Amino acid sequence: MSTKYVFVTGGVASSLGKGIIASSLAKLLQARGYKVANQKLDPYINIDPGTLNPYEHGECYVTDDGAETDLDLGHYERFTGCPTSQANNITTGRIYQDVISKERRGDYLGKTVQIVPHITDEIKRNIKLLGSKGEYDVVITEIGGTVGDIESLPFIEAVRQLRWELGEKSVLIHLTLVPFLNASGELKTKPTQHSVKALLEIGVQPDVLVLRTEHDLNAELRRKVALFCNVAPKAVIQSIDVSTIYEVPIKMREEKLDEIVLEQLGLPLNSEPDLEKWKKFLYKLKNYSKEVRIGLVGKYVELHDAYKSIVESFIHAGAVNDCKVNIEWIHSEELNAENAQSRLKDLHGILVAPGFGHRGIAGKLVAIEYARTNNIPFLGICLGMQMAVIEFARNVLKMEGADSTEMAAKTKYPVIDLMESQHDVTEKGGTMRLGAYKCELKEGSRAFEAYGKKEIMERHRHRYEFNSKYREQFEKAGMVTTGINPESGLTEIVEIPAHKWFVGVQFHPEYKSTVIKPHPLFVAFIKACLS
Ligand code: GLN
């Protein structure tokens, strides 16, 4: 079967949840037996979000093949369980970079290189790339930004051309907002009409309208929108606010989004979607018997999206443990020896988050010392693991001023040091140790207990590592290496066996937790917090 294409655009306002709608549709089609891939096109000029401050764009998500991507790819993976890759996230920057290097190579010799057709052709090539492998029945491409933005114009133009070329083989879903005006007690459809008009002006007719709303939309309102926007009345559906994003696939099923899309693509409905496991998860999410309070210590806590995958991992791990995980957001810059006791004493567990640079480091060390000395379950991720090593060096091994060379290049005790492979790296973009690497676990360790196997694959994003020169000293004092990369010998996990549950991981387990397969380390961490 040749691949069919679904495009998802957004109008009226940003942050309406295009990524969640795209993921939910993917889930529903997958549950009907279709092979689906999600893709995101981002209109910014950065080659990827790897060099962006999380305050700008939330978390940077990392794929198995080491692509630094938009956080929507995390949703795609968490909903469908299908790994994404470099090909699933394309930015304007990447498109231009490729076109410009082709120009330099002489591929367009004699021609004036222009937005149309050269940039739009490159966009179309990237959209079709996923489909061309023949692995997928449906490719769902989400266009970042809001219709009407200057930046997203070339993407929409490429979609217009592609839809023309594909004929019946594509569907365009446009997501908009129907605001409720309190003063008049009315739901307003005008912004949707204007947004569809903006699409029509550039030659694109949506097939399905998903209206984000806080209140149920009646048949009358839907008919009105259908009439003004040239869309079939049954293809005007609502996306009502729900308490968890994981309910959206169920809501979209109720609204028959999957049926509408399959019909328009000319694909058989197959059997009813099998959402058994999904519903079981949702049930557990809402019917828990216990609660835990976990302190998430980081420097971007004002913006919860900066730690998106960690938050979702806690939701998944909580559900299997029959427990609701309440996150206490702790700003590492506000934590110090004086307030540690009052800020941390009511926590059942502490997670120290990944990060870069100096800011907030002192607070992270305070949180780790508190967890270690008070026997509070601790999970340190990436920088959080490195800080656990530094805290142990300073306070247990009495290595005064022990540090990471990232923070103190001239430290006497560089217990965390730049990886060998990083010594000659000067450029910042895409040059970290990125993507999935093998790790061998030590039998009997907490990590081994959690994973239940000896060999694992986890995703990385860092430049620094535990300095193996100090391994023996650490082991003798009670912090042991329990996970090692079999090829490079790098320390990937440290633990304190004498502690209730103290695990630091150099990799990012949060990128691999999904609804159907919650991450074993998060599951074990929550279990320890409950005991
Ligand atoms: N800054 C640290 C490093 O580069 C940790 C990175 C992270 O937490 N992702 O090694």
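These numbers come from a predicted model, not from an experiment. Order of appearance sets the numbers: ligands from 1, and atoms from 1 within every ligand. We count residues from 1, following the sequence as given.
- The existence of a salt bridge linking Arg471 and Glu475 is excluded, since no basic side-chain nitrogen approaches an acidic carboxylate oxygen closer than 4.0 Å.
- Ring centers of Tyr44 and His57: under 6.0 Å apart, within the cut-off.
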Which N/O atoms of ligand 1 sit under 3.5 Å from a protein N/O, and at what distances?
unit_1	atom_1	unit_2	atom_2	d
ligand 1	1 (N)	Gly355	O	3.0
ligand 1	1 (N)	Glu406	OE1	2.7
ligand 1	1 (N)	Glu406	OE2	3.1
ligand 1	4 (O)	Arg463	N	3.0
ligand 1	8 (O)	Gly355	N	2.9
ligand 1	8 (O)	Gly355	O	3.3
ligand 1	8 (O)	Leu383	N	3.0
ligand 1	9 (N)	Arg461	O	2.9
ligand 1	9 (N)	His508	NE2	3.3
ligand 1	10 (O)	Gln386	NE2	3.1
ligand 1	10 (O)	Arg463	N	3.2
ligand 1	10 (O)	Tyr464	N	2.9

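- Looking at Lys102 and Glu122, a side-chain N of the basic residue comes within less than 4.0 Å of a carboxylate O on the acidic one, giving a salt bridge.
- Here the CH2-OH distance, from Trp278 to Tyr246, works out to 7.0 Å after rounding to the nearest 0.5 Å.
- For Glu291 and His348, the side-chain atoms include no donor-acceptor pair closer than 3.5 Å.
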Could you check Lys286 against Glu247 for salt bridge (charged side-chain N to carboxylate O under 4.0 Å, His left out), going step by step and ending with a plain yes or no?
CA-CA 11 Å; Lys286 292 179 176 173; Glu247 214 170 310; 2.6 Å; yes

